[in-house]
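Note sheet for the following structure.
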Amino acid sequence: MDDTGRPAPICILVPLAAALLVAACGRAPEDPLAGLAEGERGRVVRVIDGDALVLSTGQNVRLIGIEAPAGPDRDREGDHGFEESKRALEEMALGREVELRYGGLTRDHYERALAHVVTTDTLAPPLWLNAEMIRRGAARVRVYPDTAAANDLLLPMEREAREAKTGLWKDPAWRVTDAAGLPDSFQGFQMVEAVTAGMQGSDIRGVSCEVMLDRSLLVLEIETGAAELCRLDPETRIRARGHVRNLRMEINHSLNLEILENP
């Protein structure tokens, strides 16, 4: 409250939107990607899917920190929600000038740039595209150890989108699965909620330990980059995300496992 008894103004700073009520907040908004290396600039000439695009320079770019439904490839059908996710990125990015921001590894083995992507022109308000895909429920958070910079900022945005059933979150196919009742087709990038039931060592190269889940056949393979998670206590409620194959989920960064409050 101020001296008149009225509520004081609340500072809500949307990433990179410098024109938002600065007077009410009393200070300029901070750049959430400050400290990351500035990379190439170019105009977006093509959107491949919800987390990949092509610049006018010819550079292919993979948006880091997010996982969008993949498109069809050879004999494989596209993932559920592919068209909606791709369209969301097209509407925000196609034809706009952007700048890449690097916070770790800059190229993958396909020579794609691995970056946060920020619009820089005046066609519309500036956007941090990785974050907007999460806010709009068009992608989910997925963290890799080599490109984890600023990824922690995306998790609260995803939680808000999920709770509000924004975008693809309204679709049952995107629900967070209870690990105690997995469907037969449980493969690929997935999110689960579970209660831990114990931990054991692992002979798999690059895996520090394996975490078992209560009433579930799914096993979490805790890789070296997330070794601190091997100290999880039994009966800890968690939300985990990662690639699943043969009822084993890879956990390669600590941000891919959230500890939840007990109900």
Side-chain angles (χ1 to χ4, degrees), residues 49-52 62-70 79-82 85 104 114 116 130-131 133-183 185-197 199 206-214 216-232 236-261:
D49 56 29
D51 55 30
R62 173 64 162 84
L63 278 65
I64 61 174
I66 71 174
E67 180 77 12
D79 291 342
H80 185 84
F82 161 68
S85 178
L114 304 175
H116 293 284
N130 312 52
M133 289 297 290
I134 296 295
R135 289 178 185 276
R136 300 181 188 207
R140 293 174 286 190
V141 176
R142 186 177 186 181
V143 183
Y144 288 92
D146 292 334
T147 55
N151 289 188
D152 58 315
L153 303 177
L154 302 175
L155 285 169
M157 302 176 194
E158 182 193 80
R159 182 168 55 251
E160 291 181 8
R162 184 174 64 248
E163 292 175 352
K165 291 184 169 53
T166 302
L168 289 170
W169 287 111
K170 68 172 68 75
D171 194 314
W174 258 41
R175 73 182 186 278
V176 179
T177 306
D178 181 348
L182 300 179
S185 59
F186 204 66
Q187 300 285 342
F189 179 75
Q190 301 286 349
M191 292 176 61
V192 300
E193 291 186 359
V195 175
T196 60
M199 182 273 292
V207 176
S208 294
C209 69
E210 298 177 357
V211 173
M212 281 68 71
L213 305 177
D214 185 42
S216 177
L217 296 176
L218 184 68
V219 174
L220 306 184
E221 294 182 349
I222 308 299
E223 298 184 3
T224 305
E228 63 195 76
L229 297 175
C230 292
R231 298 192 295 268
L232 278 175
T236 300
R237 290 188 67 244
I238 62 168
R239 180 184 302 118
R241 66 187 73 223
H243 188 270
V244 176
R245 183 177 183 183
N246 298 327
L247 289 176
R248 301 180 75 85
M249 175 183 281
E250 63 174 19
I251 303 294
N252 56 12
H253 193 282
S254 58
L255 288 176
N256 288 325
L257 192 148
E258 303 167 77
I259 297 177
L260 307 178
E261 295 181 1

Atom CG of Leu217: over 12 foreign heavy atoms under 6.0 Å: no

Taken to the nearest 0.5 Å, the spacing of Leu63 CG from Asp51 CG works out to 7.0 Å

Any sub-3.5 Å donor-acceptor pair from Asp49's side-chain atoms to Ala52's backbone N or O? yes

The complete set of ring pair (Phe, Tyr, Trp, His ring centres under 6.0 Å) pairs with one or both residues in residues 139-168, sequence neighbours excluded, reads none

Test item: Arg136 side-chain N/O and Met133 main-chain N/O as donor-acceptor pair under 3.5 Å: no

Glu163/Trp169 under side-chain contact (heavy atoms from CB on, under 4.5 Å): CA gap, chis, key distance, verdict: CA-CA 8 Å; Glu163 292 175 352; Trp169 287 111; over 6 Å; no

Any side-chain heavy atom of Glu223 within less than 4.5 Å of one from Ser208? no

Between the side chain of Asn130 and the main-chain N/O of Ile64, is any donor-acceptor distance below 3.5 Å? yes

Taking Arg237 for the side chain and Glu261 for the main chain, is one N or O donor matched with an acceptor at less than 3.5 Å? yes

Distance (rounded to the nearest 0.5 Å) between Ile134 CD1 and Glu67 CD: 10.0 Å

Can you find a pair of side-chain heavy atoms, one from Val244 and one from Phe189, that are under 4.5 Å apart? no

Where the side chain of Asp79 meets the backbone of Pro69, is there a donor-acceptor pair that is under 3.5 Å apart? no

Any Met157 side-chain heavy atom under 4.5 Å of Thr166 side chain: no

Side chain proximity check, Leu218 to Leu182, heavy atoms < 4.5 angstrom: yes

Met191 vs Arg140 side-chain heavy atoms within contact, under 4.5 Å: yes

When rounded to the nearest 0.5 angstrom, what is the spacing between CD1 in Ile222 and CG in Leu232? 7.0 Å

Find the distance between CG (Leu255) and CG (Leu229) and round it off to the nearest 0.5 Å. 9.5 Å

Minimum heavy-atom separation for Val207 and Thr224, please, with both atom names. N-OG1, 4.5 Å

Salt bridge (charged side-chain N to carboxylate O under 4.0 Å, His left out) assessment of Glu210 paired with Arg248: CA-CA 9 Å; Glu210 298 177 357; Arg248 301 180 75 85; 2.5 Å; yes

Closest approach of Asp152 and Pro156, non-hydrogen atoms and distance? O-CD, 3.4 Å

List the atom of Asn151, the atom of Thr147, and the distance in Å for their closest heavy-atom pair. OD1-O, 3.3 Å

I'd like to check Val219 versus Val211 (side-chain heavy atoms, cut-off strictly below 4.5 Å). Are they in contact? no

Any sub-3.5 Å donor-acceptor pair from Ser85's side-chain atoms to Ala68's backbone N or O? no

Would you say that Glu258 contacts Arg159 through its side chain, given a criterion of any heavy-atom pair below 4.5 Å between the two side chains? yes

Among Leu155, Ile251, Leu257, whose side chain to side chain contact (heavy atoms under 4.5 Å, CB included) with Arg241 holds? Leu155

Can you check whether Leu213 reaches Ile238 side chain to side chain, under 4.5 Å on heavy atoms? yes

Got a second to check how far Ser216's OG is from Glu193's CD, nearest 0.5 Å? 13.0 Å

Do NZ/NE/NH1/NH2 and the carboxylate oxygens of Glu160 and Lys165 come within less than 4.0 Å? no

Where is the tightest heavy-atom contact between Met249 and Ala240, given as atom of each residue plus distance? SD-CB, 3.9 Å

From CG (Asn252) to CZ (Arg142), nearest 0.5 Å: 7.0 Å

